[in-house]
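Reminder, nothing fancy here: chain letters follow the sequence lines and each chain counts from 1.
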Number of protein chains: 2
Amino acid sequence: MAPDVVRPRAHRPRAATVERREKILQAAMETFGARGYHNGSLAEVAERVGMTQAGVLHHFGSKDLLLLEVLEYRDRSDVEHLEGRRPPGGLGLFRHLVKTARINAGRPGIVQTYAVLSAEAVTDDHPGQDWFRARFSTLRQTVSDALIEVCDADDLPDPADVDAAAASVLAVMDGLQIQWLLARDVVDLGRSTALAIEAILSAVVAGRERRRLL
Amino acid sequence: MAPDVVRPRAHRPRAATVERREKILQAAMETFGARGYHNGSLAEVAERVGMTQAGVLHHFGSKDLLLLEVLEYRDRSDVEHLEGRRPPGGLGLFRHLVKTARINAGRPGIVQTYAVLSAEAVTDDHPGQDWFRARFSTLRQTVSDALIEVCDADDLPDPADVDAAAASVLAVMDGLQIQWLLARDVVDLGRSTALAIEAILSAVVAGRERRRLL
DNA sequence: GAACACCTACTGACCACTTAGTAACTATGT
DNA sequence: ACATAGTTACTAAGTGGTCAGTAGGTGTTC
């Protein structure tokens with residue numbers, strides 16, 4: 001019946017439309033951050049942007065698809081403040097992570113969106129699950145590579161320790177965000193992140209000598 | 001009108017009722033873990049335990065109250081495997097934390113409940129918010145005390161570093177749980193937790209000498 | 001004139017919680 | 001030992017609300 005070719009967009013999107021879609025993504029980020037994905041409604045997203053929920057669905061098709069686009073959108077804003085498009089390697093990556101934590105301390109909304117959605121994603125059949133699985137996998141690899149780059153090439157640590165350290169670096173950042181969101185005046189996001197990353201870094205780089213405290 | 005005294009329970013609860021309530025708590029833990037609090041329904045909890053949702057409400061009054069009792073219930077299971085009722089201080093606490101992580105690697109259900117609910121709790125007006133805020137606050141204090149106990153009393157670190165380290169220890173445990181739940185065969189919960197805690201511990205204890213890697 | 005950007009109105013599903021009832025159990029007075 | 005009054009542990013059947021998604025329309029832009 002219908003031809004199998006991907007229908008080429010008849011008109012390319014107008015500027016006003018692109019702008020409108022971004023407004024919706026922004027509103028959805030706020031809503032999903034404030035209420036979670038399941039508990040946040042399309043009606044609330046629509047209200048924030050001044051239209052009806054049917055209008056939102058017109059642009060994104062379904063709530064699930066909107067979520068995935070929100071995740072991609074948030075990701076972009078993370079590297080926005082970098083001159084180069086990609087995060088650096090080696091020690092520079094860890095400086096970048098600490099700097100990101102400090103920047104995040106000034107934008108609780110975005111932090112909350114990410115923290116809430118990443119944990120919600122581990123629930124059964126969550127539409128963001130695959131996205132987060134892939135994201136963590138990529139990030140762990142990036143951190144692992146940077147760790148190895150920092151180490152003395154003649155005395156590399158146990159690869160399992162490198163992997164464990166990479167996971168820990170990401171974990172401490174995410175975990176601190178949750179504590180910080182619950183007690184912003186008690187938890188110092190930047191300082192804690194810096195201390196923990198430096199500690200893990202030292203432990204892996206210093207390698208075999210120092211150890212066995214526990 | 002009604003007398004101000006607390007009405008003394010006319011009958012003390014029967015054994016069968018206590019058992020039933022515990023069955024419901026167990027079922028609710030599974031449901032809230034699998035679906036989240038907002039997305040998990042009382043009907044599902046009820047079905048797991050073989051009754052109607054009105055029956056569940058009879059025992060716990062409301063969904064919010066059920067959540068709070070679930071949180072308390074989960075807490076109890078955390079110290080169950082300790083002979084003494086309370087976690088130890090000093091180095092023993094950190095050994096306990098690592099041991100808990102290893103035990104948790106064998107019970108993903110409980111881990112998921114906690115991970116999902118703690119992150120969901122940062123959303124606006126979440127009924128578990130106060131509970132988690134208080135819980136993190138207590139835990140941070142416990143870890144801080146243990147850290148100070150481990151340090152040389154003549155050369156105590158900056159209190160702010162102690163606080164940052166305490167938050168980081170808890171953070172890394174929570175963050176690792178989320179990554180582990182998404183990729184159980186890639187992330188080694190026990191090993192990563194041990195490495196990270198040891199690293200943070202060393203960094204704080206070693207104190208002023210070693211430093212400035214970043 | 002064709003695709004687009006909406007809106008209004010609706011559908012069917014699900015939700016927490018209420019009400020009103022029934023049957024079983026328990027404490028108590030005799 | 002037994003009746004009985006009060007309480008508990010439910011169920012069935014609602015109530016009113018919210019939700020994502022659909023259908024069909026209208027004006028607007030290319």
State, without any angle test, whether [X] and [Y] hold a side-chain donor-acceptor pair at a distance under 3.5 Å.
X	Y	value
A:R74	A:T113	no
A:R140	B:Q179	yes
B:D64	B:Y37	yes

Just how far, in rounded Å, is [atom2] of [N] from [atom1] of [X]?
X	N	atom1	atom2	value
A:E44	D:dC19	CD	P	9 Å
A:E47	D:dC19	CD	P	11 Å
B:F60	C:dA16	CZ	P	15 Å
A:H59	C:dA3	NE2	P	18 Å
A:Y37	D:dC19	OH	P	13 Å
A:L57	C:dT11	CG	P	18 Å
B:D125	C:dA16	CG	P	18 Å
B:K63	C:dC14	NZ	P	15 Å

At how many degrees, to 10°, do the end axes of the helix from C:dG1-D:dC30 to C:dT30-D:dA1 meet when each uses five pairs?
20°
Salt-bridge present (A:D75, A:R135; N to O < 4.0 Å)
yes
Please tell me if the side chains of B:L117 and B:L67 come closer than 4.5 Å, counting only heavy atoms from C-beta onward.
yes
Quick one, B:N104 and B:L189 - any side-chain contact, counting heavy atoms below 4.5 Å?
yes
Using a cut-off of 4.0 Å on non-hydrogen atoms, how would the nucleic acid contact of A:G40 be classed: base, sugar-phosphate, or nothing?
sugar-phosphate
So what does A:L42 hit on the nucleic acid, given a heavy-atom distance under 4.0 Å: a base, only sugar-phosphate, or nothing?
sugar-phosphate
Report yes or no: is the cationic atom of B:K99 (NZ for Lys, CZ for Arg) under 6.0 Å from the centre of the six-membered ring of B:F94, at an angle within 45° of the ring normal?
no
For B:E22, I'd like to know if atom CD has over 12 heavy atoms of other residues, nucleotides or ligands within 6.0 Å.
no
Is the CD atom of B:Q129 crowded by more than 12 outside heavy atoms at less than 6.0 Å?
yes
Is B:T17 near enough to D:dA9 that one of its side-chain N or O atoms lies under 4.0 angstrom from OP1 or OP2?
yes
Kindly give the atom pairs (protein nitrogen or oxygen, nucleotide nitrogen or oxygen) under 3.5 Å for nucleotides 11-17 of chain D.
from, atom 1, to, atom 2, distance (Å)
D:dT11, OP2, B:T52, N, 3.1
D:dT11, OP2, B:T52, OG1, 2.6

